[in-house]
Structures are given as C-alpha cells and as structure tokens.
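None of the values given here were measured: they were computed from a predicted structure.
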Amino acid sequence: MNKLILYVAIAAAMVVAVCALVVLLNDEQGSQSKHQETDDSGVLTLTVDGKALDVEWEQNASVRTLKALARGVVDVRGVRYGDFEQVAEIGSTLPRSDSVMTSEPGDIFLYMGNKIVLFYGSNEYSYTPLGKITGMSQEDLEDLLGKRSVQITLTVV
C-alpha cells in the first residue's frame with residue numbers, strides 16, 4: 001500500500017512538473033511574439049524585382065505585424081491581376097481593419113488578411129491600408145508593376 005501511494009505521488013509530481021513546463025514555454029513564446037510585434041526598431045523596406053521603393057507606411061497593427069514577419073524576410077511572387085495591381089500571398093494572416101476604398105497608383109493594401117496588393121491603377125474594394133509608394137509617376141509604376149509577375153521582397157534594415 002505504501003508503494004502505491006509513493007508511485008501515485010511521484011506520478012502526480014511529474015504531471016505537475018510537465019504542466020508547469022508547458023505553461024512556462026507558452027509564456028516565453030508569447031512574450032517573444034509580443035516583443036516582435038511591438039519592436040519598432042529598424043525600417044521596413046520594399047523592393048520589387050530588385051528595385052528599392054520609397055514607401056510611406058501606415059501606423060497600424062497590420063504594418064507592425066508585417067514588419068515583424070519581414071525581420072525574417074518576406075520574399076513572394078506577385079501576379080498581375082486586372083491590369084491594375086500585383087497580388088501576392090504573404091504566407092501569414094495579418095490583423096485587418098478592412099473598409100471599402102478606392103485605390104490609387106502606388107497604394108499598398110492588405111487583401112483578405114493574407115495578400116499584399118501593390119497598385120499601379122485603380123480599383124474599389126474592401127482593403128486594409130498598408131502604405132503608399134512615393135516618388136514614382138503612374139507611368140513608372142505601370143512599367144514596374146504591369147508585368148505578368150514580379151518578385152516582392154520586404155525586409156527590415
């Protein structure tokens with residue numbers, strides 16, 4: 001009987017220890033991801049087919065999360081859609097605050113929470129704004145983004 005009580009006590013202690021370890025590991029992972037989402041050091045950069053673009057980024061949760069992802073480099077293939085935009089799946093879902101808006105050339109939007117859209121034309125749909133490409137004419141944007149596909153790279157420097 002004493003051995004049974006000892007075995008039960010040891011098993012209970014092991015269960016408590018494993019549960020405490022799981023809680024500790026989850027807390028550590030949560031604090032690391034929270035730190036990544038709130039770490040504003042560095043500059044989020046965008047290149048298309050190797051060309052660095054000037055961007056005025058929005059100050060919102062979507063951009064902060066995208067910036068955290070870009071610390072590991074987001075390198076995706078954009079595909080022309082509707083002769084007015086390049087659309088690329090970013091491989092993660094970002095926070096979104098969609099509203100119906102009309103895009104302008106140079107706008108960068110989040111679509112469906114997991115796609116980045118770079119506009120060289122105009123469209124009206126429900127998006128979350130991410131930023132705006134600056135310093136390029138509509139013709140320059142059409143030349144850069146009007147191809148069948150482009151390589152889109154986001155990094156933090």
(message) Return the CD1 to CG distance between Ile133 and Leu46, rounded to the nearest 0.5 Å.
(response) 6.0 Å

(request) Apply side chain to side chain contact (heavy atoms under 4.5 Å, CB included) to the pair Leu53 and Leu144, showing each step before the final yes or no. (result) CA-CA 11 Å; Leu53 304 178; Leu144 181 65; 3.7 Å; yes

(message) Which residue in the set Val63, Leu130, Leu66 passes side chain to side chain contact (heavy atoms under 4.5 Å, CB included) when paired with Ile108?
(response) Leu130

(request) Report the distance from atom OG1 of Thr155 to atom CG of Leu44, rounding to the nearest 0.5 Å. (result) 7.5 Å

(message) Looking at every non-hydrogen atom in both residues, tell me the closest pair between Gly78 and Ala88 and how far apart they are.
(response) CA-CB, 3.8 Å

(message) Name the residue from Leu69, Asn114, Val74 that meets the side chain to side chain contact (heavy atoms under 4.5 Å, CB included) definition with Ser92.
(response) Leu69

(message) Tell me if a side-chain donor or acceptor on Asp107 pairs with a main-chain N or O of Leu118 at a distance below 3.5 Å.
(response) no

(request) Please name the pair of heavy atoms, one in Glu89 and one in Lys115, separated by the smallest distance, quoted to 0.1 Å. (result) CG-CG, 3.8 Å

(message) Under 4.5 Å side-chain heavy-atom separation, chaining through any Ile, Leu, Val, Met, Phe, Trp or Tyr, what else clusters with Met101? Say none if it is isolated.
(response) Tyr81, Phe84, Val87, Phe109, Tyr111, Met112, Val117, Phe119, Tyr125, Tyr127

(message) How close do Met136 and Lys51 get, counting heavy atoms only, and between which atoms?
(response) CE-CE, 4.0 Å

(request) For Thr102 and Glu124, work out which heavy atoms get closest and say how close. (result) OG1-OE1, 3.5 Å

(message) Just to verify, what does Ser137 make a side chain to side chain donor-acceptor pair (under 3.5 Å) with, not counting sequence neighbours?
(response) Asp140

(message) Can you give me the closest heavy-atom contact between Glu85 and Tyr120, atom names plus distance?
(response) N-CE2, 3.3 Å

(request) State the CG-NZ distance between Asp49 and Lys147, to the nearest 0.5 angstrom. (result) 4.0 Å

(request) Using atom types as modelled and distance alone, determine if a side-chain donor or acceptor of Arg80 lies under 3.5 Å from a backbone N or O of Gln86. (result) no

(request) Would you tell me whether Thr153 and Asp75 have side-chain atoms, one donor and one acceptor, within less than 3.5 Å of each other? (result) yes

(message) Would the distance check show the side chain of Thr128 and the main-chain N or O of Ser97 forming a donor-acceptor pair, the cut-off being under 3.5 Å?
(response) yes

(request) Drop me the distance from Glu104's CD to Ser122's OG, to the nearest 0.5 angstrom. (result) 7.0 Å

(request) Answer yes or no: are there more than 12 heavy-atom neighbours, outside Glu139 itself, under 6.0 Å from its atom CD? (result) no

(message) Any salt bridge linking Lys132 with Glu58? Criterion: basic side-chain nitrogen under 4.0 Å from a carboxylate oxygen.
(response) no

(message) Assess whether a salt bridge exists between Asp98 and Arg96, defined as any Lys/Arg side-chain N lying under 4.0 Å from an Asp/Glu carboxylate O.
(response) yes

(request) Work out which heavy atom in Leu110 is nearest to a heavy atom in Pro95; give both atom names and the distance. (result) CD2-O, 3.5 Å

(request) Output all residues satisfying salt bridge (Lys or Arg N to Asp or Glu O under 4.0 Å) with Arg77, sequence neighbours left out; order by chain, then residue number. (result) none

(request) Kindly say whether Asn123 contributes a backbone atom to a donor-acceptor pair with the side chain of Ser103 at under 3.5 angstrom? (result) yes

(message) When you compare the side chain of Leu154 with that of Ile116, does any pair of heavy atoms fall below 4.5 Å?
(response) yes

